[in-house]
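All values reported here derive from a predicted model rather than from experimental measurement.
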Amino acid sequence: MPDAPMSEPDLHAAFALRTPGDCLRLYRDWAASYDAGFAAGMDYRLPAHVAAAFLAGGGTGPVLDVGAGTGLVGAALRALGFTGQIDGVDLSPQMLDQAREKQVYRDLIEADITRPLPLPGGYTGVVSSGTFTHGHVGPEAFGPMLAVAAPGALFALSVNLRVWAAVGFEPALADLAGQLRDMQRIEVAIYGAAAARLDPDHAGDRAMIVLFRKA
């Protein structure tokens with residue numbers, strides 16, 4: 001029997017994900033309305049924060065957008081004047097279909113970012129917005145990301161502060177100290193004021209943008 005379609009996906013459903021199959025089903029049903037519904041309705045600012053931090057840190061391409069989703073970080077980079085090559089990787093083919101329509105990516109790859117990535121490597125920039133959060137991806141993705149990055153590559157990764165300690169990002173980064181340099185942390189608001197009307201439970205959520213270079 002085919003999976004029944006999910007009705008009105010939202011953050012509560014997203015944060016309750018437990019398995020890759022759960023993730024695929026939710027984003028299959030959310031992809032078409034994600035930008036106009038969730039991102040616009042919640043005044044979702046995190047992709048713009050990540051893009052701005054990456055460029056302020058001197059980021060260059062080619063860039064890998066990890067957990068690219070519908071391509072909001074890629075679009076934010078372009079809006080800020082970035083002209084380098086951007087590739088995106090995500091578990092959900094439906095979300096990548098939405099990203100493809102933005103025409104800002106060189107290539108879009110369907111893959112599990114917690115496993116070795118089917119990519120040639122050599123990326124001088126790695127960005128990610130909204131992927132390291134409840135029910136999604138933890139520090140286990142650091143290894144695959146570092147493996148496809150060139151020495152000196154700049155990373156700009158957002159981590160939801162609600163999971164920063166609970167999932168162990170601090171000790172994971174400490175364990176990688178020999179592979180990283182120039183670590184910075186920037187705390188930002190994930191949503192704008194409009195989010196309070198749509199989802200008061202999460203409107204005040206904040207994220208840590210972690211900036212570092214591969215040693």
Asks: For the CZ atom of R115 and the CD atom of E140, what is their distance to the nearest 0.5 Å?
Replies: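 Taking CZ in R115 and CD in E140, the distance rounds to 10.0 Å.
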
Asks: Can any side-chain N or O of K102 pair as donor or acceptor with the backbone N or O of T70 at less than 3.5 Å?
Replies: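 Here the side-chain-to-backbone pair exists.
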
Asks: Rounded to the nearest 0.5 Å, what separation is found between the CD atom of Q98 and the CG atom of L108?
Replies: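 One finds 11.5 Å between CD of Q98 and CG of L108.
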
Asks: Could you verify whether a donor N or O on one side chain and an acceptor N or O on the other, from D90 and S92, lie under 3.5 Å apart?
Replies: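 Not at all, the side chains of D90 and S92 share no donor-acceptor pair under 3.5 Å.
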
Asks: Kindly indicate whether the side chain of L157, heavy atoms from C-beta on, has any atom under 4.5 Å from the side chain of S128.
Replies: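 In contact.
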
Asks: If you take all heavy atoms of L211 and L154, which pair is closest and at what distance?
Replies: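 Nearest heavy atoms, L211 then L154: CD2-CD1, 4.5 Å.
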
Asks: Could you check whether any side-chain N or O of R78 sits under 3.5 Å from a backbone N or O of F82, counting only pairs where one atom can act as donor and the other as acceptor?
Replies: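 Yes, because the side chain of R78 sits within donor-acceptor range (under 3.5 Å) of the backbone of F82.
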
Asks: Which heavy-atom pair separates L180 from M183 by the least distance, and what is that distance?
Replies: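 Closest approach of L180 to M183, heavy atoms only: CD1-CE, 3.8 Å.
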
Asks: Would the distance check show the side chain of K214 and the main-chain N or O of A150 forming a donor-acceptor pair, the cut-off being under 3.5 Å?
Replies: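 Pair absent, no side-chain N/O of K214 close to backbone of A150.
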
Asks: For D205 and Y191, does a side-chain donor sit closer than 3.5 Å to a side-chain acceptor?
Replies: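 Judged by distance alone, the side chains do not pair up.
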
Asks: Main chain of A189, side chain of H49: is a donor-acceptor contact present, judged purely on distance under 3.5 Å?
Replies: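 The answer is yes, because a donor-acceptor pair under 3.5 Å joins these two groups.
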
Asks: Should L77 and V104 count as side-chain neighbours, where that means a heavy-atom distance under 4.5 Å?
Replies: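 They are not in contact (no side-chain heavy atoms under 4.5 Å apart), so the answer is no.
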
Asks: Locate the shortest heavy-atom distance separating V73 from A51; write the atom from each residue and the value.
Replies: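 That would be O-CB, 4.4 Å.
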
Asks: Say you draw a straight line from CE of M145 to CZ of F155; how long is it, rounded to the nearest 0.5 Å?
Replies: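 Interatomic distance, M145 CE to F155 CZ, rounded to 0.5 Å: 6.0 Å.
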
Asks: Do the charged groups of E170 and R185 touch, with an N to O distance under 4.0 Å?
Replies: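 Between R185 and E170 there is a salt bridge, with a charged N closer than 4.0 Å to a carboxylate O.
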
Asks: For T131 and V66, indicate whether the former's side chain and the latter's backbone hold a donor-acceptor pair under 3.5 Å.
Replies: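 Yes; at least one donor-acceptor contact below 3.5 Å.
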
Asks: Indicate the ring-plane relationship of F132 and F169, choosing parallel, tilted or perpendicular according to the 30° and 60° boundaries.
Replies: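 F132 and F169: perpendicular rings.
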
Asks: Please examine the side chains of V126 and V63, heavy atoms only from C-beta on, and report whether any two atoms are closer than 4.5 Å.
Replies: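 Contact flag for V63/V126 side chains = no.
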
Asks: Are E110 and L96 packed together at the side-chain level, in the sense that at least one heavy-atom pair is separated by less than 4.5 angstrom?
Replies: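 In short, these two side chains touch, coming nearer than 4.5 Å.
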
Asks: For a quick test of reading the model, state the closest non-hydrogen atom pair linking Q179 to L146 and the distance between them.
Replies: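 Between these two residues, the closest heavy atoms are OE1-CD1, 3.7 Å.
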
Asks: Closest approach of G168 and P139, non-hydrogen atoms and distance?
Replies: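 Smallest heavy-atom distance, with atoms named: O-CG, 3.9 Å.
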
Asks: So, do R45 and V188 sit near enough that their side-chain heavy atoms are less than 4.5 Å apart?
Replies: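 Sidechains of V188 and R45: no contact.
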
Asks: Does D65 use its side chain to pair, donor to acceptor, with the backbone of D87 at less than 3.5 Å?
Replies: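 Side chain of D65 to backbone of D87: no pair is present.
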
Asks: So, does R213 use its side chain to make a donor-acceptor pair with the main chain of D182 at under 3.5 Å?
Replies: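 No, R213 side chain to D182 backbone: no donor-acceptor pair under 3.5 Å.
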
Asks: Taking atom CZ as the centre, does R206 end up with more than 12 heavy-atom neighbours from other residues, nucleotides or ligands that are less than 6.0 angstrom away?
Replies: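 Buried by this count: over 12 neighbours within 6.0 Å.
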
Asks: Counting only N and O atoms by type, is there a donor-acceptor contact under 3.5 Å from the side chain of Y105 to the main-chain atoms of G74?
Replies: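 Checked: pair present.
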
Asks: If you compare all heavy atoms of S158 against all heavy atoms of S129, which two are closest, and at what distance to 0.1 Å?
Replies: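 Heavy atoms only, the tightest pair is OG-CA, 3.4 Å.
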
Asks: Does some side-chain heavy atom of R106 sit less than 4.5 Å from a side-chain heavy atom of P62?
Replies: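 The answer is yes; the side chains approach within 4.5 Å.
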
Asks: Are L64 and V127 packed together at the side-chain level, in the sense that at least one heavy-atom pair is separated by less than 4.5 angstrom?
Replies: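 Not in contact.
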
Asks: Using a 6.0 Å cut-off, check whether atom CZ of R181 has over 12 heavy atoms from anything other than its own residue.
Replies: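 Correct, the count exceeds 12.
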
